[in-house]
Protein chains: 2
Amino acid sequence: MTVMHTRPRAFSMMENTMNERPFAQAINRLREVDLRPTRQRLALAKLLFEGGCDRHVTAETLHEEAQRSGARVSLATVYNTLHQFTDAGLLREIMVDSGKTYFDTNIHDHHHFLCERSGELTDIPAHMVTVAELPQAPDGRRISRVDIVIRICDQ
Amino acid sequence: MTVMHTRPRAFSMMENTMNERPFAQAINRLREVDLRPTRQRLALAKLLFEGGCDRHVTAETLHEEAQRSGARVSLATVYNTLHQFTDAGLLREIMVDSGKTYFDTNIHDHHHFLCERSGELTDIPAHMVTVAELPQAPDGRRISRVDIVIRICDQ
DNA sequence: TGCATTTCTAGAGTTATTCTAATTTAGCCT
DNA sequence: AGGCTAAATTAGAATAACTCTAGAAATGCA
Ligand SMILES: [Mn+2]
Ligand SMILES: [Mn+2]
Ligand SMILES: [Zn+2]
Ligand SMILES: [Zn+2]
């Protein structure tokens, strides 16, 4: 399956070598999308993108994590920042169940396992799913994305 | 002067069961799962299943529709009924975006177009999508369903 | 027809999210 | 460095979409 993603390249704190100025990449990346690199945005970027592993966070979970790490960021700012990062192509929004919005640090073409017991999301790289045939988009429309959620349960 | 004492006819469940053929199936289905065919449930079943076309409703939209049709059903009952119908296998729940829960009258294997402009859902019969390869479910789990949402936008 | 059980309902409560308006901060310009 | 202005942050209020509660009504059974 091929869906056109003309999205900015993933922003990764891992690209910083240890001795480079901390946050240099983050600051540049935020500048590119006209977001001032404030203390709050940098703290959240660090939590989201440092460590490199793909994450699925809610505003609430990221806020708690920020508190625990000692960063003083309001919940309103966490919401604002998650949406700004999403608009900037640094995050992807996923709405999958139970009225909660997840933000995915993996912006590459991929799909998800959804655990029906816990609600946990797990990435599936795009190459592991082959869609041989898709219907045409209705007249005057085009396909912007194909989201595949594989729901898993016990046994 | 003549005063008409036309006592409102008592509601007869038997009459409805026998005469209103479109609901015979729903009523039997409800009986199977121990849901009494009450005035409210039958009114909502009529709105949902009469006309045959596949629908994607929210509690709010179905409640408005019920009001307009003259049925007096509380919003709480609409929520209860939609969940009961879902548990009974008469509806399927879809959570696709914007924190709203949609209920789908099409319970057969199928997928959806999602209009990114309006949020409107449209059915795609399962045979129009061919999935050639799927990843294995994690150890001790099995795939319960594969949901495919094709997001469409303008142009 | 009486009675236990189920269902319905208004309104209160909850949760996730957005809005508002006052305060603080960032970036730029002397 | 100090001042200015737009952007950003924040606490708390507001909203949206449910969910719960507890009393009233309907239902089905004997
Ligand atoms: Mn993901
Ligand atoms: Mn459908
Ligand atoms: Zn799980
Ligand atoms: Zn549309």
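Every chain is numbered from 1, with letters handed out A, B, ... down the list of sequences.
- Proximity of B:Q40 to the phosphate of D:dA25: no side-chain N or O atom is located under 4.0 Å from OP1 or OP2.
- In this entry the distance linking CG of A:L30 with P of C:dG27 reads 10 Å, nearest Å.
- If you measure from atom CE of B:M95 to atom C1' of C:dT15, you get 13 Å, rounded to the nearest angstrom.
- With respect to B:D147 and A:R151, a salt bridge is recorded, a charged nitrogen being found less than 4.0 Å from a carboxylate O.
- Residue contacts for B:H83: at a heavy-atom cut-off of 4.0 Å it reaches the sugar-phosphate backbone alone, with no base atom in range.
- At C:dC8, one or more side-chain N or O atoms of B:R41 fall inside 4.0 Å of OP1 or OP2 (strictly under the cut-off).
- Across the interface with DNA chain D, nearest-nucleotide mapping of B:A76 and B:K100 shows B:K100 to be the residue nearer the 5′ end.
- The ring of B:H83 has its center closer than 6.0 angstrom to the ring center of B:F103.
- Rounded to an integer number of Å, the gap from CG of A:D87 to P of D:dA8 is 13 Å.
- Residue A:Y79 places at least one side-chain N or O closer than 4.0 Å to OP1 or OP2 of C:dT17.
- No engagement by B:T58 is indicated, since no non-hydrogen atom pair under 4.0 Å with the nucleic acid exists.
- If you take CG of A:L42 and C1' of D:dA7, they are 15 Å apart, rounded to a whole angstrom.
- Put simply, CG on A:N80 is 15 Å from C1' on C:dA16, counting in whole angstrom units.
- At whole-Å resolution of the value, CD in A:Q67 and C1' in D:dT9 are 14 Å apart.
- A donor-acceptor pair under 3.5 Å is absent between the side-chain atoms of B:T61 and the main chain of B:V57, judged by distance alone.
- Between A:H56 and A:H110, the ring planes lie tilted relative to each other; the angle falls in the 30° to 60° range.
- Side-chain nitrogen and oxygen atoms of A:T77 include none within less than 4.0 Å of the OP1 or OP2 phosphate oxygen of D:dA8.
- Taking 3.5 Å as the limit, the base of D:dT27 and the side chain of B:R36 contain a donor-acceptor pair of atoms between them.
- A salt bridge links B:R141 with A:D154: at least one charged nitrogen is closer than 4.0 Å to a carboxylate oxygen.
- Side-chain N/O atoms of B:S74 include none lying less than 4.0 angstrom from OP1 or OP2 on C:dC8.
- The side chain of B:L35 lies closest to C:dT7, out of D:dA11, C:dT9, C:dT7.
- The nearest whole Å value for the distance from the CZ atom in B:F103 to the C1' atom in D:dA17 is 11 Å.
- For C:dG27, one of the phosphate oxygens OP1 or OP2 lies less than 4.0 angstrom from a side-chain nitrogen or oxygen of A:R31.
- As rounded to whole Å, 16 Å separates atom C1' of C:dT15 from atom NE2 of A:H63.
- The side chain of A:T38 has C:dA26 as its nearest neighbour among C:dA26, D:dA11, C:dT9.
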